[in-house]
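See structure below.
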Amino acid sequence: MPELPEVEVTRQSFAKRIRGGRIESVRLGKPLRWPLGIDPAMLVGRTVLDVRRRGKYLLLDLNHGMLLMHLGMSGSVSFAPEQPAAAAHDHFDLATSRGVLRLNDPRRFGAVVYAPAQDAPEAVKLLGRLGVEPLSDAFEPEAFHQGLKRRNAPVKQVLLAGELVVGVGNIYASEALFMAGIRPTLRASRISRPRADRLHQAVRDVLARAVAKGGSTLRDFSNAQGQAGYFQLEAMVYDRAGQPCRVCAAPIKTLRQGQRATYYCPHCQKS
DNA sequence: AAAAGCCCCTGGATGC
DNA sequence: TGCATCCAGGGGCTTT
């Protein structure tokens, strides 16, 4: 479910409110993708200093150690002074003096993992191979083009892999490639510098606009205050197979790449 | 070393 | 109504 915009919107919707909260209790539901990695009782008494984001991970900095939270495909977070009794898919509660942070994740591809320090093995294992942040100055056209030149895989899958640039998932990969006028099946290594520049700009632009719209709510995403996103209403190609291109009216096509659906306009994205 | 497949899991939509 | 099948916003791990 959540790509960079949804994770960032989630972060913004509760970071300030949880900051300074003292952990009072931790409740675990069914197992998530990975074990927490610490006795929950050991977290009680620690303080949440800040909430950051790295790629699609939320990072809760504690006064000692950190929690890495990933929303997987179906995860969403809520934060409120009090929470109702845990329901079927509520698998993690972090009760603090500022409110209760709850992770709901029906498919349980998400996870919450404790790391004793920023550079601890538990953190490096998950964050170590991640590419640059697309909305930071570190995401720079020349290096992006060089990175593309080193990959022979289809550009859509290079974007999804997150080793060049993080945070671009299945929706925004299709959208960015449409904006740049690039066919998703084109080998990354064959993209010229001017076209790489257009893609670089498209990635930044689509992600920033999606954050501004509160993310995309396809079925059930909402931020930590329960508010839905609206960017899906502006999607040019995603989930629009057979519908007319919003630019040229040609029917949007779909194909499968790496077991994921890709959408593109055969006329606007000729190569 | 890079690329392609395989899973993890639940629920909703669709088809017979 | 019931049951089978397919698909879904991710990504680590294994196999080519």
Side-chain angles (χ1 to χ4, degrees), chain A residues 1-10 29-35 37 53-58 68-77 87-92 103-113 121-131 146-177 184-190 206-207 210-211 213-223 228-235 237-242 254-263:
Chain A
M1 147 204 197
E3 306 181 32
L4 182 149
E6 291 73 33
V7 178
E8 176 60 18
V9 163
T10 296
K30 284 191 185 179
L32 294 164
R33 179 164 192 173
W34 298 299
R53 179 190 56 74
R54 177 74 177 97
K56 298 172 187 170
Y57 286 88
L58 288 171
L68 294 80
M69 180 179 286
H70 198 288
L71 304 183
M73 286 278 269
S74 57
S76 61
V77 151
H89 303 301
D90 295 332
H91 297 308
F92 179 82
L103 173 66
N104 179 278
D105 185 2
R107 293 176 72 181
R108 293 189 280 128
F109 289 172
V112 184
V113 174
E122 296 89 338
V124 172
K125 180 185 171 193
L126 298 179
L127 309 178
R129 292 178 55 87
L130 296 183
Q146 292 302 320
L148 291 174
K149 285 209 295 188
R150 274 184 256 113
R151 315 283 177 138
N152 256 325
V155 57
K156 158 95 175 331
Q157 290 173 257
V158 171
L159 290 176
L160 283 186
E163 293 173 352
L164 258 190
V165 56
V166 293
V168 182
N170 211 37
I171 297 176
Y172 302 110
S174 282
E175 293 299 311
L177 287 165
T185 49
L186 180 63
R187 304 271 147 184
S189 57
R190 301 186 56 179
V206 73
L207 294 177
V211 170
K213 291 289 177 178
S216 295
T217 296
L218 297 188
R219 23 163 49 98
D220 52 12
F221 170 76
S222 62
N223 68 24
Y230 295 95
F231 187 79
Q232 73 281 2
L233 301 175
E234 298 180 15
V237 290
Y238 185 82
D239 204 22
R240 298 195 65 243
T254 184
L255 53 82
R256 293 193 80 75
Q257 295 180 284
Q259 294 125 273
R260 317 293 298 277
T262 297
Y263 301 87

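Order of the sequence lines fixes the chain letters, A, B, ..., with proteins taken first and strands second; residue numbering starts at 1 for each chain. Note that this is a predicted model, so its numbers are computed, not measured.
- Residue Y238(A) is in sugar-phosphate contact alone, with no base atom involved, counting any heavy-atom pair closer than 4.0 Å across all strands shown.
- L58(A) is listed as a side-chain neighbour of T10(A), based on a closest heavy-atom distance under 4.5 Å.
- The separation between M73(A) atom CE and dC6(C) atom C1' is 13 Å, rounded to whole Å.
- Residue-level contact check: R187(A) touches the backbone only, with heavy atoms under 4.0 Å from sugar-phosphate atoms and none from bases.
- Minimum heavy-atom separation, G215(A) to Y172(A): C-OH, 4.0 Å.
- The same atom, P, is picked in dC9(B) and in dC3(C); the two are 23 Å apart, to the nearest Å.
- At a threshold of 4.0 angstrom between heavy atoms, the contacts of N152(A) are confined to the sugar-phosphate backbone, with no base atom among them.
- Minimum atom distance to the side chain of K56(A) is reached by dG10(C), of the listed dG10(C), dG12(C), dA8(C).
- Applying the ring-ring contact (aromatic ring centres under 6.0 Å, His included) rule to F109(A) yields no partners; only residues at least two apart in sequence or on another chain are considered.
- Separating the CG atom of D105(A) from the P atom of dG11(B) is a distance of 11 Å, rounded to the nearest angstrom.
- Considering only side-chain N and O atoms, H89(A) lies nowhere under 4.0 angstrom from the phosphate OP1 or OP2 of dT10(B).
- Distance, R151(A) CZ to dA4(B) P: 12 Å, rounded to whole Å.
- Comparing dA3(B), dA8(C), dG10(C) by their nearest atom to the side chain of R256(A) picks out dA8(C).
- Across the protein-nucleic acid pair, K156(A) atom NZ and dA4(B) atom P stand 13 Å apart, rounded to whole Å.
- Proximity of K30(A) to the phosphate of dC9(B): no side-chain N or O atom is located under 4.0 Å from OP1 or OP2.
- Residue Y57(A) is in sugar-phosphate contact alone, with no base atom involved, counting any heavy-atom pair closer than 4.0 Å across all strands shown.
- R260(A) comes within 4.0 angstrom of a nucleotide base, judged by non-hydrogen atoms across all strands.
- Listed candidates were dA8(C), dG12(C), dG11(C). Nearest to the side chain of H70(A) is dG11(C).
- Among the protein residues, G258(A) comes within range of no part of the nucleic acid, since none of its heavy atoms lies under 4.0 Å from any strand.
- Side-chain proximity of R33(A) to the nucleotides dA8(C), dG11(C), dA3(B) is greatest for dG11(C).
- Going from atom CG of L218(A) over to atom P of dC7(C) covers 17 Å, rounded to whole Å.
- Backbone-only contact: A261(A) has heavy atoms under 4.0 Å from sugar-phosphate atoms and none from a base.
- Residues E3(A) and I171(A) are in side-chain contact: their nearest non-hydrogen atoms beyond the backbone lie under 4.5 Å apart.
- For the pair Q257(A) CD and dG10(C) C1', the interatomic distance rounds to 16 Å; values are reported in whole Å.
- Side-chain atoms of R107(A) come within donor-acceptor range of the base of dC9(B), with a qualifying N/O pair under 3.5 Å.
- Regarding contacts with the backbone of dT10(B), a side-chain N or O of R108(A) is found under 4.0 angstrom from either OP1 or OP2.
- Residue S76(A) is tested with N223(A), L103(A), N104(A) for a side-chain contact (heavy atoms from CB on, under 4.5 Å); the sole match is N104(A).
- Spacing between atom CD of E163(A) and atom P of dC13(C) amounts to 13 Å, rounded to whole angstrom units.
- Between F221(A) atom CZ and dG12(B) atom C1' the separation is 20 Å, expressed in whole Å.
- Put simply, F109(A) rests on the base of dG10(C): the two rings are less than 5.5 Å apart at their centres and nearly parallel, under 30°.
- In this structure, K125(A) reaches the dC13(C) phosphate: one of its side-chain N or O atoms is under 4.0 Å from OP1 or OP2.
- Remark: dC9(B) base-pairs with no nucleotide in the shown strands. Criterion, Watson-Crick or G-U wobble with two distances under 3.5 Å.
- Screening T217(A), V206(A), V9(A) for a side-chain contact (heavy atoms from CB on, under 4.5 Å) involving F231(A) leaves a single residue, V206(A).
- Taking the charged nitrogens against the carboxylate oxygens, K56(A) and E6(A) have no contact shorter than 4.0 Å, which rules out a salt bridge.
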